[in-house]
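Working notes, structure below.
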Protein chains: 2
Amino acid sequence: MAATRDDVARLAGVSSSTVSYAISGRRTISTETRLRVERAMAELNYTPNAFARGLAGSRGGILALHYPYGRRGVTSSEFEYVAAATDRARARGYHLLLWSNPIDDVEGLGSLVSEGLVDGVILMELTAHDARVPVLTAARIPFTNIGRPDDARSLWFIDADYEAMGRLAIDHLADLGHERVFFLSQTIGAAERGSGPLVRATRSLAAPAADRGVQIETHRADISVSGGRAAFDAFDARPSRPTAVLAFNETALAGFVQAAALAGRSIPHDVTVVALSIGDLAADMTSPPLTTVSPPGVEIAAAAVDHLADRLEGRREEAPHLLVAPALVVRGSSARVGHR
Amino acid sequence: MAATRDDVARLAGVSSSTVSYAISGRRTISTETRLRVERAMAELNYTPNAFARGLAGSRGGILALHYPYGRRGVTSSEFEYVAAATDRARARGYHLLLWSNPIDDVEGLGSLVSEGLVDGVILMELTAHDARVPVLTAARIPFTNIGRPDDARSLWFIDADYEAMGRLAIDHLADLGHERVFFLSQTIGAAERGSGPLVRATRSLAAPAADRGVQIETHRADISVSGGRAAFDAFDARPSRPTAVLAFNETALAGFVQAAALAGRSIPHDVTVVALSIGDLAADMTSPPLTTVSPPGVEIAAAAVDHLADRLEGRREEAPHLLVAPALVVRGSSARVGHR
DNA sequence: CTGAAAGCGCTTACAG
DNA sequence: CTGAAAGCGCTTACAG
């Protein structure tokens with residue numbers, strides 16, 4: 001059915017290795033020969049067989065994007081991540097495979113790698129001591145990370161700039177006159193213990209808060225809508241309430257906002273809400289829409305693919321540590337203290 | 001580095017073809033031989049090479065999930081789709097590749113297929129006259145569809161049961177006493193013209209509405225938050241307003257809900273809202289959370305993988321047309337007419 | 001600038 | 001029940 005390289009060679013009147021070199025460009029070829037080969041390929045509608053290429057060559061042109069499954073909080077922006085990575089991979093001439101394991105099943109990852117199917121891996125949602133890192137290192141397969149483990153010195157990674165995120169959020173709140181902030185944080189499960197993002201987001205608030213004289217009161221909510229409702233109850237029960245909420249828990253925030261509305265507390269008149277790491281779509285779903293400080297997920301995913309492709313193609317040597325700046329988008333949920 | 005089939009054969013003291021047959025089970029093997037082979041494989045930590053398998057055999061164990069990109073409305077539940085498909089594929093012993101093209105770039109799809117990498121394809125988000133269908137048919141590659149084109153007689157597909165969806169929604173509204181319903185529909189772009197879901201969702205309302213004496217007033221909103229705000233203005237400006245909104249436009253609904261809140265219209269006291277085809281996560285983001293009638297996206301994705309795998313493995317003959325029943329989840333946005 | 005040939009690691013008839 | 005061997009369609013040294 002499908003044409004092979006030999007068919008093309010025959011039609012073009014050259015050897016099959018010449019066809020290969022014409023395609024890969026790995027050795028000089030006369031313009032005339034190249035044209036004959038190209039015409040033959042077009043006529044036969046020829047596409048090289050991916051398996052044969054992968055088996056014979058050192059590279060197969062397939063990347064894997066790995067996310068840990070069974071996580072509780074699936075944020076709504078994740079599909080954009082995946083789509084952006086897919087599109088960028090294709091633009092660079094790669095296929096993108098989706099891989100997923102429970103975060104503690106690293107053997108599964110190991111055997112996937114040893115099938116030899118993929119040239120490199122992109123790891124999503126790194127935890128502080130991510131068990132996937134040593135597995136991929138031992139397998140000697142190139143990989144890059146979205147997020148970062150605690151010890152990332154020799155690793156390639158792209159991460160949100162949490163320090164900038166914390167400062168942006170605190171500055172926005174301080175500029176609006178807020179002096180006490182209720183930090184709607186997350187409970188940490190066994191798997192996420194010491195999860196990088198939460199730890200770094202939390203830490204990033206301390207210095208700017210001190211600088212701006214803002215007092216932070218942390219509440220760890222369950223990653224669930226009901227966890228958010230309970231958080232509101234805790235918030236609302238305080239004799240003297242903070243004037244602003246800073247959330248790093250998308251799912252709980254939904255419950256918090258609902259409970260606030262039910263209790264007759266108006267956002268932003270009675271309480272200002274700023275959300276960390278929430279996509280535009282989700283931010284626009286609530287009324288009022290949420291003021292957010294978020295890293296640009298789509299850019300991060302595309303940049304991760306570029307990192308890995310550059311590395312595989314030998315265009316980069318040293319391991320880059322790329323921090324992506326977040327953006328503050330002021331929507332309707334934040335206002336000046338005492339605003340009416 | 002990695003062990004090959006020959007290494008295993010040598011260690012087990014058998015021929016390499018025996019190792020292959022021990023793995024595939026395609027011919028009878030004495031228990032003792034099988035055990036020796038298994039021990040050798042375990043000791044060498046052997047994993048078959050995926051490229052060699054794909055090249056030599058007829059099946060490579062890779063499926064592709066294809067979504068059209070550049071669509072405007074990315075719903076928040078799509079990642080769950082993809083994750084569910086990935087997990088099910090892995091459970092059945094397949095890798096899942098993500099493919100994406102602009103909906104009108106069918107040549108791109110054609111050349112992806114002709115690389116021979118994948119055993120079969122799952123098409124997402126079918127339109128009424130989807131150009132991908134003839135391409136895959138001509139390529140003689142097995143595929144199954146999530147959604148369906150107009151002419152789906154000979155195709156394998158899984159779709160939401162729109163008739164059931166419409167009836168469930170209208171019955172719920174009628175049971176609550178609503179007699180006039182504002183249908184928050186979508187504008188249709190060139191690409192989605194005659195898009196299956198919108199047409200079928202719209203049609204599905206007519207019969208039950210007639211049965212229950214419900215009057216439907218359709219408004220086509222842009223798929224955007226501002227489109228939803230404009231829709232609310234149109235809704236609110238009517239001298240005599242419908243008492244309920246039925247939405248098939250997730251993004252616009254967000255704007256509608258915001259505008260309603262701004263205008264001081266309370267949901268569900270002043271207006272009942274029921275949303276079609278919205279995921280649980282998004283439904284819980286608003287306050288109040290939304291009553292929804294939605295198909296179970298995760299089940300559909302997993303079922304599509306099963307269909308395709310069954311077909312590839314010769315377990316099914318005739319093309320199944322599977323309609324998945326939607327579920328009504330009553331949350332806080334719907335109430336009896338005149339409810340206080 | 002181009003060709004003939006070995007080899008990648010499997011699967012699967014063909015023999016026995 | 002098992003083995004020896006051809007072949008899948010490429011890439012890439014090796015020659016010229």
Side-chain angles (χ1 to χ4, degrees), chain A residues 1-38 40-41 44-62 93 111 113-119 312-313, chain B residues 1-38 40-41 44-62 93 95 111 114-119 312-313:
Chain A
M1 186 77 225
T4 72
R5 196 199 46 172
D6 281 335
D7 299 326
V8 175
R10 215 169 297 127
L11 183 61
V14 299
S15 77
S16 52
S17 56
T18 295
V19 176
S20 284
Y21 287 115
I23 293 173
S24 70
R26 283 188 209 276
R27 81 180 181 193
T28 32
I29 289 192
S30 71
T31 317
E32 202 205 310
T33 305
R34 183 196 312 287
L35 283 176
R36 283 225 307 284
V37 170
E38 279 167 4
M41 291 200 298
L44 294 174
N45 221 303
Y46 170 70
T47 315
N49 178 283
F51 286 122
R53 181 146 42 88
L55 180 59
S58 51
R59 297 180 30 224
I62 305 181
S111 46
V113 169
S114 59
E115 286 180 35
L117 232 202
V118 310
D119 297 336
L312 293 172
E313 293 161 15
Chain B
M1 186 79 223
T4 70
R5 194 200 48 172
D6 281 336
D7 298 328
V8 175
R10 215 170 297 127
L11 183 61
V14 299
S15 75
S16 51
S17 57
T18 296
V19 175
S20 284
Y21 287 115
I23 292 172
S24 70
R26 283 187 209 278
R27 79 181 184 192
T28 33
I29 289 192
S30 72
T31 317
E32 201 204 312
T33 305
R34 181 195 314 286
L35 283 175
R36 284 226 306 283
V37 170
E38 279 167 4
M41 292 200 297
L44 294 175
N45 220 305
Y46 169 71
T47 317
N49 178 284
F51 287 121
R53 181 145 42 87
L55 181 59
S58 52
R59 295 184 28 225
I62 305 181
H95 288 280
S111 48
S114 60
E115 286 181 35
L117 232 201
V118 310
D119 297 336
L312 293 171
E313 293 160 16

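This is a predicted model, so every value here is computed, not measured. Order of the sequence lines fixes the chain letters, A, B, ..., with proteins taken first and strands second; residue numbering starts at 1 for each chain.
Between Tyr46(B) and dG9(C), a side-chain N or O to OP1/OP2 separation shorter than 4.0 Å is absent. Distances shown here put every side-chain N or O of Ser15(A) at or beyond 4.0 Å from the OP1 or OP2 atom of dT2(C). Phosphate contact (OP1/OP2 of dT12(D), side-chain N/O of Arg26(A), threshold under 4.0 Å): present.
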> What pattern of brackets, bars and dots sums up DNA chain C from 5' to 3', given Watson-Crick or G-U wobble pairs under 3.5 Å, [ ] for crossing pairs and | for another strand?
Replying inline: |||.||||||||.|||
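Side-chain atoms of Ser15(B) and Thr18(B) form a donor-acceptor pair, as typed in the model, at a separation below 3.5 Å. Judged purely by distance below 3.5 Å, without hydrogens or angles, the side chains of Ser111(A) and Ser114(A) never pair a donor atom with an acceptor atom.
Look at OH on Tyr21(A): it is 7 Å from P on dA13(D), rounded to the nearest Å. Per the geometry, CG belonging to Leu44(B) stands 14 Å off P belonging to dG9(C), to the nearest Å. Protein atom CG of Asn49(A) is 7 Å distant from nucleotide atom C1' of dC10(D), rounded to whole Å. Taking atom CG of Asp7(A) as the reference point, atom P of dC10(D) lies 9 Å away to the nearest angstrom. For the pair Arg59(A) CZ and dC10(D) P, the interatomic distance rounds to 17 Å; values are reported in whole Å. Distance Arg53(A) CZ to dT12(D) P: 11 Å, rounded to the nearest Å. To the nearest angstrom, C1' of dC10(C) lies 9 Å from CG of Asp6(B). Atoms CZ (Arg10(A)) and P (dA4(C)) sit 13 Å apart, rounded to a whole Å.
The side chain to side chain contact (heavy atoms under 4.5 Å, CB included) test with Ile23(B) singles out one residue from Arg34(B), Arg53(B), Met41(B), and that residue is Met41(B).
DNA chain C lies under 4.0 Å from at least one heavy atom of each of the following residues of residues 30-38 of chain A: Ser30(A), Thr33(A).
Closest to the side chain of Pro48(B), from the set dT12(C), dC10(C), dT12(D), is dC10(C). With dG7(D), dT2(C), dT12(D) as the choices, the nucleotide that has an atom nearest any side-chain atom of Thr18(A) turns out to be dT2(C). Closest to the side chain of Ile29(B), out of dT2(D), dC8(C), dT12(D), is dT2(D). Looking at the side chain of Leu55(B), the nearest of the listed nucleotides dG9(C), dA13(C), dA13(D) is dG9(C).
The CD atom of Glu115(A) sits 3.5 Å away from the NE2 atom of His95(B) when rounded to the nearest 0.5 Å.
Of the possible polar contacts, none joining the Asp119(B) side chain to the Arg59(B) backbone as a donor-acceptor pair under 3.5 Å is found.
Donor-acceptor pairing under 3.5 Å, judged by distance alone, is present between the side chain of Ser17(A) and the base of dA4(C). Counting atom types as modelled, Arg27(A) pairs no side-chain N or O with a base atom of dT12(D) as donor and acceptor under 3.5 Å.
Nearest approach of Leu55(A) to Phe51(B), heavy atoms of both residues: N-CB, 3.7 Å.
In this structure, the side chains of Tyr46(A) and Asp7(A) stay at 4.5 Å or more apart for every pair of heavy atoms. Put simply, the side chain of Val19(B) reaches to within 4.5 Å of the side chain of Val14(B), judged on heavy atoms. Looking at Thr4(B) and Asn49(B), their side chains never come closer than 4.5 Å, going by heavy atoms from C-beta outward.
When the salt bridge (charged side-chain N to carboxylate O under 4.0 Å, His left out) test is applied to Arg36(B), the partners found at least two apart in sequence or on another chain are Glu32(B).
Nearest-nucleotide mapping onto DNA chain D: of Gly57(B) and Gly13(B), the residue sitting toward the 5' end is Gly13(B).
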